[in-house]
Amino acid sequence: MIGISVYLSDEDAEARILRASASGVKLAFTSLHIPDESGINTERVRGLLSLFKREGFQVFADVSKKTPAMLGLHHFEELKELGVTSLRLDDGFTTDEMLGLSRQFQIAINASTVGEKELQRWIDCGLETGNMISWHNFYPKPETGLDEEYFLKQQDLYDGLGIPVYAFIPGDEKKRGPLHLGLPTLEDHRGQSPYVSAVQLKRWGVTGIFVGDPGCSEELLGKLVRFDQEEVIELSYRGSGEIEGEYQLRPDPGRDVFRLLDTRTESEIPPQHTGERPRGTITQDNDLYGRYKGEMQIVRRDLESNPAVNVAGRIRTEYLDLMELFEAAQRIVIKRDFSN
């Protein structure tokens, strides 16, 4: 499940909603929590929620006890009529209040801070796991994002109870202020490609992957949706080889290379560009390899040159870690990068 984050103070919010909807994204996180979105009028909020509803979005809202009054509402339940389906509650709510709201909304508890004891206490009080999701924080300040070991420990906790886990990755365009340094859940993801981060989270079992920043390019949205729906990983390469296309890896990965199925050929492939093969190199066997000629591989670790193997290109550095996330018989798309 892929989602976007829309902030009421963002002048381009409507355009971002429509772009995401056109890309196939139908989940959105927004903050109705004061003072995060102070200075926002009721008409603005209602207008965006109406647009979400028209485009068929499920809306997950971060709320405080002040939220209904801010919107001119009498009860939280009225948010449901505006299209909000899930509430992420701040710390001001009592257990009884949470239980009451869980009868109307899906409740998102804080996966970054709620441990086993507190979670079990809520369950013992009657909060049903089927009405819950667990949602991690995002961390605007560098060096404060979650540690991987702790994140995976929390993942195990919620997996064991059958509660879906949601988390944030940074965007690849406009970053949210005031720091404008990305909104990841994990600190390791702050400077990493958002696409790589999303694939990693899904491999770890995360159900909902949301872009925390308002800025998310159409290209990134498309890649995220395709991976989410089809398990296809896209790789960008630089080089002279004409190798663009969709491929499938063999189900038996080699120690040194991933081999691409159905790439051998009867056509002549003369030896050329037979240099060293660092990790991430995309190669093609030439005529000197006999019946293997044409076979393509992606190099997993640095290899020496081989006169029977042509170098067709190299995966862009920011996508190298995707190789560690390949599964057996992984489907991939290789696209040439023409940028400087």
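Formation of a donor-acceptor pair under 3.5 Å by the Glu187 side chain with backbone atoms of Glu143 is found in this model. Looking at Asp337, its side chain never comes within 3.5 Å of a backbone N or O of Ser236 through a donor-acceptor pair. Formation of a donor-acceptor pair under 3.5 Å by the Ser23 side chain with backbone atoms of Val25 is not found in this model. For Tyr247 (side chain) and Met296 (main-chain N/O), no donor-acceptor pair under 3.5 Å exists by modelled atom type. At distances below 3.5 Å, not a single donor-acceptor pair connects side-chain atoms of Asp12 with backbone N or O atoms of Ala15. Between the side chain of Thr42 and the main chain of Met70, a donor-acceptor pair closer than 3.5 Å is present. A donor-acceptor pair under 3.5 Å is absent between the side-chain atoms of Lys293 and the main chain of Pro270, judged by distance alone. For the pair Asp213 (side chain) and Leu183 (backbone), a donor-acceptor distance under 3.5 Å is present. Side chain of Thr85 to backbone of Lys80: no donor-acceptor contact under 3.5 angstrom is found. Using modelled atom types, no side-chain atom of Thr185 and backbone atom of Phe138 make a donor-acceptor pair closer than 3.5 Å.
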Donor-acceptor contacts under 3.5 Å from residues 99-116 side chains, at least two apart:
unit_1: Ser102; atom_1: OG; unit_2: Leu99; atom_2: O; d: 2.6
unit_1: Asn110; atom_1: OD1; unit_2: Ser112; atom_2: N; d: 2.9
unit_1: Asn110; atom_1: OD1; unit_2: Thr113; atom_2: N; d: 3.4
unit_1: Asn110; atom_1: ND2; unit_2: Asn137; atom_2: OD1; d: 2.9
unit_1: Ser112; atom_1: OG; unit_2: His136; atom_2: ND1; d: 2.9
unit_1: Ser112; atom_1: OG; unit_2: Asn137; atom_2: N; d: 3.0

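Aromatic pair Tyr166/Phe29: centroids not less than 6.0 angstrom apart.
Using a 4.0 Å cut-off between charged side-chain N and carboxylate O, Arg264 and Glu295 make a salt bridge. Ion pairing between a basic and an acidic side chain is recognised when a charged N comes within 4.0 Å of a carboxylate O; Arg44 and Glu14 show such pairing.
Listed here is the closest heavy atom pair of Gly313 and Tyr237: CA-CD1, 4.0 Å. Across Val311 and Glu276, no two heavy atoms sit closer than the pair CG2-O, 3.9 Å. What you find for His189 and Ser197 is that their closest heavy atoms are CG-OG, 3.2 Å. The shortest non-hydrogen separation linking Lys26 to Ser21 is NZ-OG, 2.5 Å. Considering every non-hydrogen atom in both Pro271 and Asn310, the closest pair reads CA-OD1, 3.5 Å. Between Gln155 and Val206, the shortest heavy-atom distance links the atoms OE1-CG2, 3.5 Å.
In summary, the side chains of Ser64 and Asp90 do not present any donor paired with an acceptor at a separation below 3.5 Å, with no hydrogens or angles considered. Thr283 and Gln297 form a side-chain donor-acceptor contact under 3.5 Å, judged by distance and modelled atom types alone.
Put simply, the side chain of Arg314 reaches to within 4.5 Å of the side chain of Thr281, judged on heavy atoms. Using a 4.5 Å heavy-atom cutoff, the side chains of Leu127 and Thr95 are not in contact. Residues Leu161 and Ile123 meet the side-chain proximity criterion, which asks for heavy atoms closer than 4.5 Å. A 4.5 Å side-chain heavy-atom check between Thr263 and Ile243 finds every atom pair outside the cut-off. Contact annotation: the side chain of Thr274 never approaches that of Ser305 to less than 4.5 Å [non-hydrogen atoms, C-beta and beyond]. For the pair Leu51/Leu18, a side-chain contact is recorded, criterion being any heavy-atom separation below 4.5 Å from C-beta on. Side chains of Leu249 and Leu260 form a contact here, defined as non-hydrogen atoms less than 4.5 Å apart.
Judged as a ring-ring contact (aromatic ring centres under 6.0 Å, His included), the pairs with a partner in residues 301-331 (not counting sequence neighbours) are, in order, Phe258-Phe326.
Phe93 is linked by a ring pair (Phe, Tyr, Trp, His ring centres under 6.0 Å) to Phe76, counting only residues two or more places apart in sequence or in another chain.
Between Asp256 and the choices Arg300, Arg301, Arg277, Arg279, the salt bridge (Lys or Arg N to Asp or Glu O under 4.0 Å) rule is met once, by Arg301.
Note: Phe151 and Trp204 have tilted aromatic rings, judged against thresholds of 30 and 60 degrees for the angle between ring planes.
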*Carefully, step by step, assess Arg331 and Glu231 under the rule salt bridge (Lys or Arg N to Asp or Glu O under 4.0 Å).*
CA-CA 7 Å; Arg331 291 168 59 204; Glu231 289 281 339; over 6 Å; no
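In this structure, Ile17 is a member of the same hydrophobic cluster as Leu32, with clusters built from ILVMFWY side-chain heavy atoms closer than 4.5 Å.
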